[in-house]
2 protein chains.
Amino acid sequence: MIPDGLLLPQPSQPSLSEVVLKILREMISAGQFKPGQHLKEAELATALKVSRGPVREALTQLEAEGHVELRRHRGAFVSTLTRVDVEEVHTLRTAIERLAAERACTRMGEPEFAAMDAVLEKMKAATRPVKPEDAVRLDLQFHDIIYAACDHQRVQRVWTSIRSQVSFFLHTRNVNFPDFTDVGYPEHLELRNALSQADPAAACAAVEKHLSGAYERLKKLDLPDKPV
Amino acid sequence: MIPDGLLLPQPSQPSLSEVVLKILREMISAGQFKPGQHLKEAELATALKVSRGPVREALTQLEAEGHVELRRHRGAFVSTLTRVDVEEVHTLRTAIERLAAERACTRMGEPEFAAMDAVLEKMKAATRPVKPEDAVRLDLQFHDIIYAACDHQRVQRVWTSIRSQVSFFLHTRNVNFPDFTDVGYPEHLELRNALSQADPAAACAAVEKHLSGAYERLKKLDLPDKPV
DNA sequence: CGATCGTAAATTGTTAGCAATTAACGATTG
DNA sequence: CAATCGTTAATTGCTAACAATTTACGATCG
């Protein structure tokens with residue numbers, strides 16, 4: 001018998017598709033490609049030293065995540081995120097995060113709250129001014145815990161599909177208005193406290209309040225009105 | 001100048017991946033494959049007279065739709081839908097359909113209501129006993145109108161990703177308890193009337209009531225408890 | 001006789017090359 | 001000179017062959 005979990009946490013070497021996906025996702029989120037830019041399979045393939053197959057698979061996944069638009073026989077074009085997209089992501093996120101919180105609040109135990117508190121501690125302790133990427137990372141880490149705790153594969157999947165867009169928006173905002181310092185910690189703490197009541201209705205309300213606050217700040221960004 | 005819409009409705013010949021996807025999706029929904037069955041790329045490819053590429057793409061899409069499970073270096077296995085899956089699909093669907101209805105009720109115009117009424121008319125007029133596949137088709141057609149009217153690409157996409165699972169559950173239910181005849185028409189009519197009030201809160205409540213009713217009936221099915 | 005290790009078969013992951021489609025350019029015509 | 005039609009270049013869609021990985025079987029050893 002093998003000691004439990006000795007060689008197991010070896011997530012079976014990621015496939016090339018996954019590697020390529022991660023790289024491209026990161027590059028797009030970081031704004032390395034211009035919106036509207038044509039991503040050519042062959043170009044990316046040679047640049048990444050792989051063949052077109054894995055690149056192709058990564059691109060279809062990126063389409064599902066809303067980062068690129070796939071046009072038949074034309075290829076992949078980086079999406080230009082408009083204020084309509086901000087609204088869509090916000091409303092969809094609210095819908096699923098309400099559900100996630102409802103379920104999570106009665107399922108979270110000691111370890112989950114400990115993980116949350118660790119993140120909260122980092123938010124409080126972060127040296128001002130907080131770097132945008134750190135702020136975004138902590139913010140998402142906090143919400144990831146809720147989604148993980150809600151124990152709902154399909155909700156988890158939807159969250160994954162909008163997560164990097166949320167990341168993009170948060171990043172843009174934090175670059176333009178670096179006030180995460182002030183609102184980040186208290187607002188998340190409030191949400192944590194609501195969750196610890198283990199009352200679905202309360203958790204739901206807290207999520208709505210939290211997200212609508214974030215959305216209000218997000219709307220201050222000036223984004224393109226229409227895709228060119 | 002070309003007369004508006006003469007050659008346009010030519011949706012640019014579907015790709016092989018799409019054809020394969022449609023076929024496999026249909027076969028799985030209709031129960032042509034046993035749950036847990038191993039779908040081998042090469043087998044499907046030769047059977048469908050295409051190469052493994054398109055089959056592969058179709059399988060990854062089917063995974064996103066929850067019809068198969070993809071295991072690294074093992075391949076695609078037909079999902080066995082458990083009562084946990086029924087619950088997940090139901091709760092996720094409720095979350096997004098609330099949102100869809102909220103938006104749809106203030107966006108629906110004459111044509112949308114006309115389309116709904118046409119479906120309702122067919123529900124009422126259907127000769128008893130209604131064939132399960134007809135009942136499912138009409139049911140989904142009705143809800144498709146809501147999703148289309150809500151004007152929300154991302155919600156639409158999530159709906160697409162669970163739609164055929166909903167279809168599967170509805171089908172199974174209608175086969176076992178053919179009472180769509182009695183509840184189908186009045187319940188959908190009630191929802192339609194709520195939507196026509198153009199009041200988001202009312203629409204939301206109506207959706208919740210409608211779906212929870214459907215879920216209660218769905219729970220009567222005895223489904224496997226655990227994936228084998 | 002049971003357990004373990006090595007080997008082989010089957011299947012997926014990846015690559016490279018060919019075919020089909022699109023879009024852009026330039027010649028041609030009214 | 002503007003508009004249209006053929007031609008060509010570029011890019012994706014698809015195919016077929018190769019490499020890597022996993023599982024299953026059987027020989028070997030205790």
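Every chain is numbered from 1 and lettered A, B, ... according to where its sequence line falls, protein lines coming before strand lines. Values in this document were obtained by computation on a predicted structure and should not be read as measured data.
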### Query
Does a side-chain N or O from B/Ser17 land closer than 4.0 Å to OP1 or OP2 of D/dC14, or not?
yes
### Query
Are A/Arg107 and A/Glu112 ion-paired here, with the side-chain N under 4.0 Å from a carboxylate O?
no
#### Entry: Nearest-Å distance for atom pair CZ/C1', residues B/Phe77 and D/dT23
11 Å
### Modelled atom types, side-chain donor and acceptor of A/Arg154 and B/Gln165, under 3.5 Å
yes
### Task
Quick one: label B/Leu70 by what it contacts on the DNA or RNA (base, sugar-phosphate, nothing), any heavy atom closer than 4.0 Å.
nothing
### Message
In this structure, how many angstroms lie between the P atom of D/dG13 and the CZ atom of B/Arg52, rounded?
### Response
19 Å
### Value in whole Å for how far the C1' atom of C/dT14 lies from CD of A/Glu57
9 Å
### Task
Using only side-chain N and O atoms of B/Arg56, determine if any of them is under 4.0 Å from OP1 or OP2 of C/dG13.
yes
### Message
Tell me whether the rings of B/Phe142 and B/His188 are parallel (<30°), tilted (30 to 60°) or perpendicular (>60°).
### Response
perpendicular
#### Entry: Ionic contact status for A/Lys122 with A/Asp134, cut-off 4.0 Å
no
### Query
When only distance counts, do a donor and an acceptor, one from the side chain of B/Arg74 and one from the base of C/dG13, lie under 3.5 Å apart?
no
### Query
Under 4.0 angstrom, heavy atoms only, what part of the nucleic acid is A/Leu59 near: base, sugar-phosphate, or nothing?
nothing
### Task
Tell me yes or no: between the side chains of A/Tyr147 and A/Glu97, is some donor less than 3.5 Å from an acceptor?
yes
### Task
Take atom NE2 of B/His73 and atom C1' of D/dT21, then tell me their distance rounded to the nearest Å.
4 Å
## Note on the structure
Students should find that the end-to-end axis angle of the helix from C/dC1-D/dG30 to C/dG30-D/dC1, with five pairs defining each axis and rounding to 10 degrees, is 10°
### Task
Determine whether B/Ser29 and B/His171 make a side-chain contact, defined as any pair of heavy atoms from C-beta on separated by less than 4.5 Å.
no
### Task
Starting from C1' on D/dT15, measure out to CG on B/Leu16 and report it in whole angstrom.
11 Å
### Query
With a non-hydrogen cut-off below 4.0 angstrom, is B/Gly75 in contact with a base, only sugar-phosphate, or nothing?
sugar-phosphate
### Phosphate-side-chain proximity, A/His38 and D/dT12, N/O vs OP1/OP2 below 4.0 Å
yes
### Query
What's the NZ-C1' distance between A/Lys49 and C/dT14, to the nearest Å?
17 Å
### Message
Using a strict threshold of under 4.0 Å (side-chain N to carboxylate O), is an ion pair present between A/Arg103 and B/Glu87?
### Response
yes
### Query
To the nearest angstrom, how far is A/Arg72 atom CZ from C/dT22 atom P?
8 Å
### Message
Rounded to whole Å, please give me the gap between NZ in A/Lys40 and C1' in C/dT22.
### Response
14 Å
